[in-house]
Amino acid sequence: MVAYDRIKVGFTSEDIGRKRFRMFQKATRDMSIYAKIAYGILASMSVLIPLAAGSQYYPIVATNSQFGLFKMASFFLLTGFCALFCALDIFLGDREIRWHALMWCALAYLAFVVLSFVFSIDKNVSLFGDYDRFAGVIPTALTVILLFLSLQLIRNNNGMRFFMHLFVLTSVLLAGYGLAQSFGIETAHFANANIMGRRSFSLYGNPNLYAGYLCFSVFFSAGLLFSEKRGGWRALYWVALLLNLAVVLTSMTRSVWLAVVVAVPLFVIFLLRQKISLERSDTYILGGGALAAIAFIFATFTRKTADLNIATRLASMFSSEGSSGTRIEMWKSALTIIKEYPLFGAGPDTFEITGMSHLTNRYLDLVGLGEIPNNAHCLPLQLAATIGIFGTLAYYGVCIYAVVVAWKYAWANEDKAQSNAKIVYAAVLCAVIAFSVNCLVSIADIGVVPFYWIALGYLVVPRATTVT
């Protein structure tokens with residue numbers, strides 16, 4: 001009875017409010033008022049960007065882009081205000097700049113994107129990016145700025161934990177809505193709801209776009225869960241993790257399945273390295289969750305709709321028909337564009353323009369002229385076709401550099417004991433790896449990309465230096 005009361009009290013609104021305030025205090029300890037405001041804005045991105053969307057029934061919405069445009073606007077405004085207060089901190093507050101060599105790699109990547117813009121076949125599109133994807137020069141510059149802001153504002157493990165905490169709480173709302181969609185419940189009246197056919201896409205408009213978000217929500221939930229000792233909060237994080245894993249299945253998205261298969265074993269290895277000890281309740285939940293997942297998977301085998309049958313979805317990965325077939329043809333188109341524009345690409349986010357004139361006959365047989373691809377559904381090919389080979393190498397140079405630095409730090413365990421800070425750190429590392437794997441065969445969405453760059457910034461925080 002006493003244990004139950006403790007868990008119950010842990011979920012009162014007053015206690016939750018105090019908990020979050022204490023977390024914020026720890027995250028912003030020794031910061032100036034300007035830096036605290038900037039950090040608060042940065043942390044708010046974990047909530048406001050994922051939730052940004054507009055229904056076709058809202059009078060204020062005068063656009064067909066119910067998702068990307070709202071997320072891009074939120075990203076633009078929040079990054080701008082965050083940069084303003086961070087600048088005030090640098091000049092009037094702490095008067096310090098935190099730096100890591102990763103920033104030079106990011107600036108090199110941005111330089112290649114700018115060069116690609118200079119030689120772009122359509123500068124208007126390349127400036128902001130395609131209307132649905134927003135991967136132009138300005139959004140790219142914002143991501144590099146966000147990397148710099150993360151180095152300045154997320155100064156320790158507590159800084160990332162608070163960000164992840166807000167992120168995970170928000171993911172519960174998105175995952176809950178995604179599960180409702182899988183049962184045919186759609187309350188927001190999104191224009192493409194019927195097209196998705198009971199696949200979970202939540203507030204991202206497309207299961208492929210939501211998949212990128214799930215790469216972070218799954219591992220952020222797991223990192224907080226296995227580094228938390230208090231029963232009430234562990235229960236909350238268990239709910240978040242199970243919900244997010246559930247929509248990994250109901251999204252019926254092969255890219256996130258691949259990402260989870262690759263990154264989950266890595267995370268388990270890091271947990272074992274940190275001498276993680278599971279409680280008996282954890283083993284029951286893991287076992288029950290695994291059985292429920294297996295039951296759900298077998299239940300889908302009886303579905304006649306191909307997109308809702310996991311066996312059919314997995315088999316289609318090795319088929320040249322259907323969505324896999326069209327994706328292969330998009331890759332062929334991308335390779336043709338790369339051969340034509342090898343150095344600087346055709347221009348940031350111009351794939352839809354160039355793809356129109358590089359469609360294969362096979363693609364036309366499968367889809368026809370009614371659907372022109374605006375993305376290669378493979379980030380390396382997408383980048384190479386739009387910003388060139390060197391720009392693509394610079395982009396992955398940033399990712400690989402951060403992962404190599406992080407791997408060494410996450411693997412170290414001199415005390416041979418559990419380190420909660422290292423568990424959180426390993427969770428962020430695995431989220432970055434999962435997102436990178438996901439993007440090998442899918443799309444990088446503007447509603448997820450900011451979290452990728454924030455995570456990269458955090459990964460090199462232990463090795464960052466302070467310049468006064």
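Values reported hereafter were calculated over all heavy atoms of this structure, with side chains retained and with hydrogens, waters and symmetry mates removed.
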Between Phe162 and Lys26, is the side-chain contact (heavy atoms from CB on, under 4.5 Å) condition met? List the steps. CA-CA 9 Å; Phe162 182 71; Lys26 291 180 180 179; over 6 Å; no

So His165 and Tyr237, side-chain contact (heavy atoms from CB on, under 4.5 Å) or not? Walk me through it. CA-CA 9 Å; His165 178 76; Tyr237 295 142; 2.8 Å; yes

Give the C-alpha distance, both sets of side-chain angles, the deciding distance and a yes or no for ring-ring contact (aromatic ring centres under 6.0 Å, His included) between Tyr401 and His100. CA-CA 11 Å; Tyr401 186 13; His100 188 274; 5.6 Å; yes

Phe435/Phe216 under ring-ring contact (aromatic ring centres under 6.0 Å, His included): CA gap, chis, key distance, verdict: CA-CA 7 Å; Phe435 180 71; Phe216 291 94; 5.4 Å; yes

Evaluate the ring-ring contact (aromatic ring centres under 6.0 Å, His included) criterion for residues Tyr425 and Tyr458: first the C-alpha distance (whole Å), next the side-chain angles of each, then the deciding distance (0.1 Å), finally the verdict. CA-CA 8 Å; Tyr425 190 86; Tyr458 170 68; 5.5 Å; yes

Candidate pair Leu440 and Leu379, rule side-chain contact (heavy atoms from CB on, under 4.5 Å), full reasoning: CA-CA 6 Å; Leu440 291 178; Leu379 186 58; over 6 Å; no

Take Phe390 and Leu115 through the test side-chain contact (heavy atoms from CB on, under 4.5 Å) and record every step on the way to the result. CA-CA 11 Å; Phe390 294 115; Leu115 278 174; over 6 Å; no

Evaluate Arg198 against Thr305 for side-chain hydrogen bond (donor to acceptor under 3.5 Å, both in side chains), listing each step before the verdict. CA-CA 10 Å; Arg198 293 180 64 175; Thr305 304; over 6 Å; no

Can Phe119 and Phe344 be said to form a ring-ring contact (aromatic ring centres under 6.0 Å, His included), step by step? CA-CA 7 Å; Phe119 296 101; Phe344 305 114; 5.0 Å; yes

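In terms of modelled atom types and a separation under 3.5 Å, the side chain of Trp257 and the main chain of Val248 share a donor-acceptor contact. Ser202 places a side-chain N or O within donor-acceptor distance of the main-chain N or O of Leu174, the cut-off being under 3.5 Å. Side-chain atoms of Gln382 do not come within 3.5 Å of backbone N or O of Asn375 as any donor-acceptor pair. Distance alone, capped at 3.5 Å, places no donor-acceptor pair between the Thr79 side chain and the Phe76 backbone. Here the side chain of Arg199 pairs a donor or acceptor atom with the backbone of Met252 at under 3.5 angstrom. Side chain of Trp99 to backbone of Ala464: no donor-acceptor contact under 3.5 angstrom is found. Here the side chain of Thr253 pairs a donor or acceptor atom with the backbone of Ser251 at under 3.5 angstrom. With hydrogens and angles disregarded, no donor-acceptor distance shorter than 3.5 Å links the side chain of Lys71 to the backbone of Leu48. A donor-acceptor contact shorter than 3.5 Å links the side chain of Ser32 to the backbone of Ala35. Counting only distance, with no hydrogens or angles, the side chain of Ser150 and the backbone of Gly457 share no donor-acceptor pair below 3.5 Å.
Salt-bridge check for Glu329 with Arg327: failed, with every basic side-chain N at 4.0 Å or more from each acidic carboxylate O. Using a cutoff of 4.0 Å between basic side-chain nitrogens and carboxylate oxygens, Asp94 and Arg155 are scored as salt-bridged.
To the nearest 0.5 Å, atom CD1 of residue Ile90 and atom CZ of residue Arg95 are 11.5 Å apart. Distance check: Asp89 CG to Ile33 CD1 gives 10.5 Å after rounding to the nearest 0.5 Å. The CD1 atom of Ile154 lies 10.0 Å from the CG atom of Leu149; values are rounded to the nearest 0.5 Å. Rounded to the nearest 0.5 Å, atoms CG (Leu258) and CG (Asn438) are 8.0 Å apart. Here the CE atom belonging to Met72 is positioned 9.0 Å from the CG atom belonging to Leu77, to the nearest 0.5 angstrom. We find the OG-OH distance between Ser44 and Tyr39 to be 10.5 Å, quoted to the nearest 0.5 Å.
Side chains of Thr386 and Asp349: no donor on one and acceptor on the other come within 3.5 Å. Side-chain contact, Ser126 with Ser120: a donor N or O sits under 3.5 Å from an acceptor N or O. Side-chain contact annotation: Ser182 with Thr250, donor-acceptor N/O pair under 3.5 Å absent. Side-chain contact check for Thr300 and Arg313: no donor-acceptor pair (N or O, by modelled atom type) lies under 3.5 Å. A donor-acceptor contact closer than 3.5 angstrom links the side chains of Asn208 and Asn206. A donor atom on one side chain and an acceptor atom on the other are found under 3.5 Å apart for His358 and Glu340. Between the side chains of Thr350 and Asp122, no donor N or O sits under 3.5 Å from an acceptor N or O.
Within the 4.5 Å cutoff, the side chain of Ile433 has no heavy atoms near those of the Phe219 side chain. Here the side chains of Tyr409 and Leu429 are not in contact, with every heavy-atom distance at 4.5 Å or above. No side-chain heavy atom of Asn156 sits less than 4.5 Å from a side-chain heavy atom of Val461. In this structure, Tyr34 and Leu92 have side chains that are in contact, with non-hydrogen atoms separated by less than 4.5 Å. Within the 4.5 Å cutoff, the side chain of Ile41 has heavy atoms near those of the Phe85 side chain. With contacts defined as side-chain heavy-atom distances shorter than 4.5 Å, the pair Val441/Arg254 does not qualify. Between Leu146 and Leu42 there is a side-chain heavy-atom pair separated by less than 4.5 Å. In this structure the side chain of Thr465 never reaches within 4.5 angstrom of the side chain of Arg98, judged on heavy atoms.
Taking the six-membered ring for Trp and thresholds of 30 and 60 degrees, Tyr213 and Tyr204 have ring planes inclined between 30 and 60 degrees apart. Ring orientation note: the planes of Tyr452 and Tyr395 are close to parallel, at an angle under 30° on the 30°/60° scale. Taking the six-membered ring where tryptophan is involved, the planes of Trp411 and Phe270 are perpendicular, since the angle between them exceeds 60° and thus also 30°.
With Ser217 as the partner, the side-chain contact (heavy atoms from CB on, under 4.5 Å) test is satisfied by one option alone out of Tyr210, Phe451, Phe167: Phe167.
Here the shortest heavy-atom pairing between Ala240 and Val168 reads CB-CG1, 3.4 Å.
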